[in-house]
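Read through the structure below, which is laid out as structure tokens, and then see the notes.
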Amino acid sequence: MGKKILLQVEEIITQYNLEASFIIMCIENEWIELTNQNPAMLDQEDISRVLLIQDLKEAMGVNDDSVPIILNLIDQLHCLQNQLLNFS
Amino acid sequence: MKDPYNVLSVKQESTDAEIKSSYRKLSKKYHPDLNPNNKDSEKKFKEINDAYETIRNKECREKYEQEKQYKEYANQSQQQNTGRQRPFYYETQSPHGRYSSSFSSDYENIFANLFRGESNDTNLGNDLPGQDVQYSLKISFEDAVLGAEKELVLSKGKTIKAKIPPGITEGTVLRFKGQGSPDSKQKNHGNAYVKIQVEPSSIFKKAGNDLIIEVPVTLYEAILGAKIEVPVVGGKATVTVPAGVNSGTKLRLKNKGYRQKAKTNQGNQIVEIIVTLPDKIDDKLANFMKQWATEHQYKPRK
């Protein structure tokens, strides 16, 4: 695994055309967990997760209640995939 | 840039709601996190996003129509509307994602069983214990009374010698330890349970631990008495019929009952006498009885 790149929230907003309120909403709903609290920093995994959440809500019309369920299922799938790769 | 209307499968007259509906439908179909490692899906998803950004509302559509007239539009819009360069979630999950790792302990044992053949507490059907097996065995009345050794054919052709204890009753279940099906490792076996069915006897009736048999005797045996042979379980026995015996008289053979081979409560065999006249009464007998009747009247019906 390569070196983790952490970006501050301000950088993320600019680079990925996101709204600060959206990132804050993801944090408050515990859909993402910050790698660093102070200053608030996100790694690539968090950024991709935020973008996925945005796609779920805006591109696919998923409501807020369904977002954590879908994230949970996707995470379980990735875990299973990785476990299978370990044993193959 | 591809025609956004074609990409979203909508018409130029489509409303904002229709365009949005089509955009959402296609997003669900092509999103890379729902089609991980599929580069075609990723490319298609980007096209869909670009197209939506271009014609999402009336204002955007008018701007698109104006800019379409200029040759530079194709190059410019490709740079402007590429959409963000972004990581997709699935790209951050291999080899290990922070969020997906929280499930790893749930599945590790399962896959350890499947791929390494290790045993642990997780039972997936690869760790089945030995199973008990049920059988039914029909035995003769004589075998039930006297006991016997029977060969029992189990599943897969295996046979065992089943010792039937004397005096066993209908419905008794015998347990044969370790004669059931083996576990997945062929180490531990379950038990075999054999339910006994006893064929009824054609001559003996069972009354508790006693056996009752009706024995016909001749007129003269009844009057004069006699030693007769009667059936007993497994053979014959001699019984003394006392002189003057009537039908219904019960003679007892002690300890010759159903449990005669058992140590306790053996029961008795009861011989019930049935005085039987000859099939044909000849004239000599009839005339004798006429004479005898006039001299020896008695009233059995009181």
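Chain naming here is simple, since letters A, B, ... match the order of the sequence lines and numbering starts at 1 in each. Below, each value reflects all heavy atoms present in this structure, side chains not excepted, and no hydrogens, waters or symmetry copies.
- Remark: A:Glu19 CD is loosely packed, at most 12 non-hydrogen atoms of other residues, nucleotides or ligands lying under 6.0 Å away.
- The CD1 atom of A:Ile47 sits 10.0 Å away from atom OG1 of B:Thr92, with the distance rounded to the nearest 0.5 Å.
- When every heavy atom of B:Tyr23 is checked against every heavy atom of A:Glu58, the shortest pair comes out as CE2-O, 4.0 Å.
- One distance of note links CE of A:Met60 with NZ of B:Lys29; it measures 14.0 Å at 0.5 Å rounding.
- Other residues, nucleotides and ligands place no more than 12 heavy atoms under 6.0 Å from the NZ atom of B:Lys25.
- Looking at every heavy atom in both residues, A:Asp75 comes nearest to B:Ser100 through O-CB, 3.1 Å.
- No donor-acceptor pair closer than 3.5 Å links the side chain of B:Arg24 to the backbone N or O of A:Val62.
- In this structure, A:Asp55 and B:Ser27 have side chains that are not in contact, with every pair of non-hydrogen atoms separated by 4.5 Å or more.
- At a 4.5 Å heavy-atom cutoff, A:Leu56 makes no contact with chain B through either its backbone or its side chain.
- If you check the side chains of B:Tyr99 and A:Asp46, you find a donor sitting under 3.5 Å from an acceptor.
- In this structure, a donor-acceptor pair under 3.5 Å is absent between the side chains of A:Gln44 and B:Glu91.
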Intermediate values then yes/no, side chain to side chain contact (heavy atoms under 4.5 Å, CB included), B:Gln93 and A:Leu77: CA-CA 10 Å; B:Gln93 295 305 300; A:Leu77 251 163; over 6 Å; no
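- For B:Leu34, the part lying near chain A is the side chain, with the backbone staying farther off; criterion is any non-hydrogen pair under 4.5 Å.
- Of the atoms belonging to A:Ile74, it is side-chain heavy atoms, and not backbone ones, that fall under 4.5 Å from chain B.
- Using a 4.5 Å cut-off between heavy atoms, B:Tyr52 does not touch chain A at all.
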